[in-house]
Amino acid sequence: MAVLGYARVSTVGQELDIQLERLREAGCEYVFSEKESGANDHRRILNRMLRKLRSGDVVIVSALDRLTRGGPFKMLTVLDEITRRGASYKSLAEPWADTTHDFGEVLAALIGYIARKTREDIIRRTSAGRERARALGVKFGRRPKMTAMERKDALERCLAGESQKAIARDYKVSCSTISRLRSKGSRRPGMAANGPSDEPRGGPCPLAGLSDARR
């Protein structure tokens, strides 16, 4: 069993001295410390400590807000992660946050349940909101690189014989975007692979051969 401490301050200008002293007085054999915002979910030192935890270890912090400032849900998530790795935790500033005593298992189970329940509620609300937005016509995903009018004009220019590279440059998109647009256009009802039903204004589109090759 190892007794580990975790200390954190938000800015470089702040010092860790007071936290480190309190954690050593509390019996920590090793203290993980870093200068990172508590709102950052990807703190390198915190994640390293969590990965090193073994069953029976104890994590001590000077206060719970040293673990995260991301709100109750994130706090519960970090505490539940410690518990799932078989370790206990103790906050020097909050006596109730101590799973090393006789009722520690009850507290850890309660916090784990609340964390999982909160996570399920967030997922359920997010899913319900997404479905409602879809019903109202909201489209998800990346915004199209070209408007409907731009796609129509680009397709007409391609079918008229302009080069794919020139069209892509004018609309500030890649050549592959114009290629996909041309491929979709050739499959539309009433449109021939080599262009519209009327006589094209220029030579053949340079992509026409690609469409023919797929047949």
Task: Test side-chain contact (heavy atoms from CB on, under 4.5 Å) applied to Ala26 - qualifying residues, sequence neighbours left out - done: Ile60, Leu92
Open item on the list: Applying side-chain contact (heavy atoms from CB on, under 4.5 Å), can you list everything that pairs with Tyr30, at least two apart in sequence or on another chain?
Closed with: Leu4, Phe32
Open item on the list: When you compare the side chain of Leu20 with that of Ser33, does any pair of heavy atoms fall below 4.5 Å?
Closed with: yes
- [ ] Please name the pair of heavy atoms, one in Ser88 and one in Thr100, separated by the smallest distance, quoted to 0.1 Å.
- [x] CB-CG2, 3.8 Å
- [ ] To the nearest 0.5 Å, tell me how far Arg132 CZ sits from Ser127 OG.
- [x] 14.0 Å
Using distance only, find each side-chain donor-acceptor pair of residues 47-56 under 3.5 Å and give its atom names and separation, not counting sequence neighbours.
{"from": "Asn47", "atom 1": "ND2", "to": "Arg43", "atom 2": "O", "distance (Å)": "3.1"}
{"from": "Arg54", "atom 1": "NH1", "to": "Arg51", "atom 2": "O", "distance (Å)": "3.2"}
{"from": "Arg54", "atom 1": "NH1", "to": "Lys52", "atom 2": "O", "distance (Å)": "3.2"}

Task: Modelled atom types, side-chain donor and acceptor of Gln19 and Tyr6, under 3.5 Å - done: no
- [ ] Enter the distance from Thr77:OG1 to Ile82:CD1 here, rounded to the nearest 0.5 Å.
- [x] 11.5 Å
TODO: Hey, could you give me the OG/CZ distance between Ser163 and Arg157, rounded to the nearest 0.5 Å?
DONE: 8.5 Å
Open item on the list: Distance check, rounded to the nearest 0.5 Å: Gln164 atom CD versus Ser179 atom OG?
Closed with: 5.0 Å
Task: Over all atoms of both residues, closest heavy-atom pair of Ala63 and Ser91 - done: CA-OG, 3.6 Å
Task: Thr147 and Glu150, any side-chain heavy atoms less than 4.5 Å apart - done: yes
Task: Smallest separation among heavy atoms of Glu29 and Met1, with atom names - done: OE2-O, 4.0 Å
- [ ] Taking side-chain contact (heavy atoms from CB on, under 4.5 Å) as the test, write out the residues that go with Ala154, two or more places apart.
- [x] Met146, Ile167, Tyr171, Ile178, Leu181
Open item on the list: What I'd like to find out is whether the side chain of Val58 reaches to under 4.5 Å of the side chain of Tyr89, using heavy atoms alone.
Closed with: no
Task: Any donor-acceptor pair under 3.5 Å from Lys90 side chain to Val61 backbone - done: no
Task: Under the salt bridge (charged side-chain N to carboxylate O under 4.0 Å, His left out) test, residues paired with Arg85 that sit two or more places apart - done: Glu81
Task: Pairs satisfying side-chain hydrogen bond (donor to acceptor under 3.5 Å, both in side chains), at least one member in residues 57-76, at least two apart - done: Asp41-Lys74, Asp65-Arg69
